[in-house]
Amino acid sequence: MRRKLAAGNWKMNGLSAALGELDSLPTNLSNCEVLLCPAATLIAPMVAKAGAALKVGGQDCHANATGAHTGDIAAEMLADAGATHVILGHSERRADHGETDAEVAAKALAARRAGLIAVVCIGETEAQYKAGDTLDVIRSQLQGSLPQGASLANTVIAYEPVWAIGTGLVPTTDEIAQVHGFIRDELAAQFGQGMANGTRILYGGSVKPGNAGEIFATADVDGALVGGASLKAADFGAIITALDAA
Ligand code: PGA
């Protein structure tokens with residue numbers, strides 16, 4: 001049984017005062033875990049404030065544990081601050097910093113070394129979607145971005161069509177089901193049926209309170225990675241409640 005996961009990605013938003021949003025998130029959940037990934041500056045204070053109510057993660061890490069890499073952060077540092085997860089290969093990292101699949105795989109190894117769960121993001125661009133290349137892109141990103149030894153214990157997959165991120169556009173639930181089912185088949189081919197059955201596959205891209213219910217009712221969707229709507233407790237709370245009820 002896969003435990004559902006509502007994950008929030010605050011991206012480059014949020015000063016200390018934003019931690020007040022945690023006060024009104026739902027508690028007493030029976031079926032789902034909640035993860036919030038704030039800017040690195042807020043990880044330790046968020047962990048201190050949230051306690052066991054939610055998991056806290058980073059948004060990126062370097063592949064190395066230490067070294068002369070100004071401005072980067074090691075997976076060990078995230079863990080030391082209390083993080084349990086790290087988002088890797090987000091499309092904004094891939095676009096803004098030219099991150100390749102091989103770099104994402106190296107970072108996923110670093111996450112494992114530090115005891116973090118890697119939330120590995122994959123997804124096609126609008127041009128690739130329009131060209132009908134979605135499944136080919138997903139296959140090659142999965143093959144390139146997951147290191148050997150990836151397991152359901154140390155990996156979560158987030159399917160995030162680039163054209164759906166921050167745009168208000170969302171694939172149909174049939175399209176989401178098709179891609180998520182395909183991801184599961186690819187995981188089976190690469191890592192075996194146990195990994196395929198047990199790995200949580202999140203959908204991300206313009207998840208809002210108004211569409212969360214139908215997305216969570218879609219086959220092979222085990223939760224969401226939520227950007228903009230995770231910044232406000234009212235919206236993220238409604239999404240969490242919808243997932244817990246799904
Ligand atoms: P969005 O972002 O929910 O604002 O579309 C999702 C993401 O980038 O993870």
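Whatever order the structure lists them in is the order used to number ligands and atoms, beginning at 1. Please read all numbers here as calculations on a predicted model, not as lab measurements.
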* Is a side-chain donor or acceptor of Asp136 paired with a backbone partner of Asp133 at a separation under 3.5 angstrom? -> no

* What is the closest protein heavy atom to atom 2 (O) of ligand 1, and at what distance does it sit? -> Lys11 NZ, 3.3 Å

* Structure fact -> among protein heavy atoms, the one nearest atom 3 (O) of ligand 1 is Gly227 N, 2.8 Å

* Please determine if Thr167 has a nitrogen or oxygen closer than 3.5 Å to a nitrogen or oxygen of ligand 1. => no

* Asked: Taking only heavy atoms of Gly205, which atoms of ligand 1 are found under 4.0 Å from at least one of them?
  -> 5 (O)

* Asked: Are Arg94 and Asp101 within salt-bridge range, i.e. N to O under 4.0 Å?
  -> yes

* Asked: Are side-chain heavy atoms of Ser230 and Trp10 found at a separation under 4.5 Å?
  -> yes

* Asked: Nearest protein heavy-atom contact for atom 9 (O) of ligand 1: which residue, which atom, what distance?
  -> Glu160 OE2, 2.6 Å

* Asked: Purely on distance, is any nitrogen or oxygen of Gly204 under 3.5 Å from one on ligand 1?
  -> no

* May I ask you to test the Ile157-Leu142 pair for a side-chain heavy-atom distance under 4.5 Å? => yes

* Asked: Under a 4.0 Å N-O cut-off, is there an ion pair linking Asp72 with Lys107?
  -> no

* Asked: If only atom types and distance count, is the side chain of His97 paired as donor or acceptor with the main-chain N or O of Glu99 below 3.5 Å?
  -> no

* Structure fact -> For Gly228, the ligand 1 atoms with a heavy-atom partner under 4.0 Å come out as 1 (P), 3 (O), 4 (O)

* Where ligand 1 meets His90 - atom numbers and elements under 4.0 angstrom, heavy-atom basis -> 7 (C), 8 (O), 9 (O)

* **Any N or O of Lys208 closer than 3.5 Å to N or O of ligand 1** => no

* Asked: Do any N/O atoms on Val226 end up under 3.5 angstrom from N/O atoms on ligand 1?
  -> no

* Structure fact -> Under 4.0 Å from one or more heavy atoms of Ser206, ligand 1 contributes atoms 1 (P), 3 (O), 5 (O)

* Do any nitrogen or oxygen atoms of Ala229 come within less than 3.5 Å of a nitrogen or oxygen of ligand 1? -> no

* Cationic N near anionic O, under 4.0 Å, Glu33 to Arg200 -> yes

* Asked: Between Arg2 (side chain) and Asp220 (backbone), is there a donor-acceptor pair under 3.5 Å?
  -> no

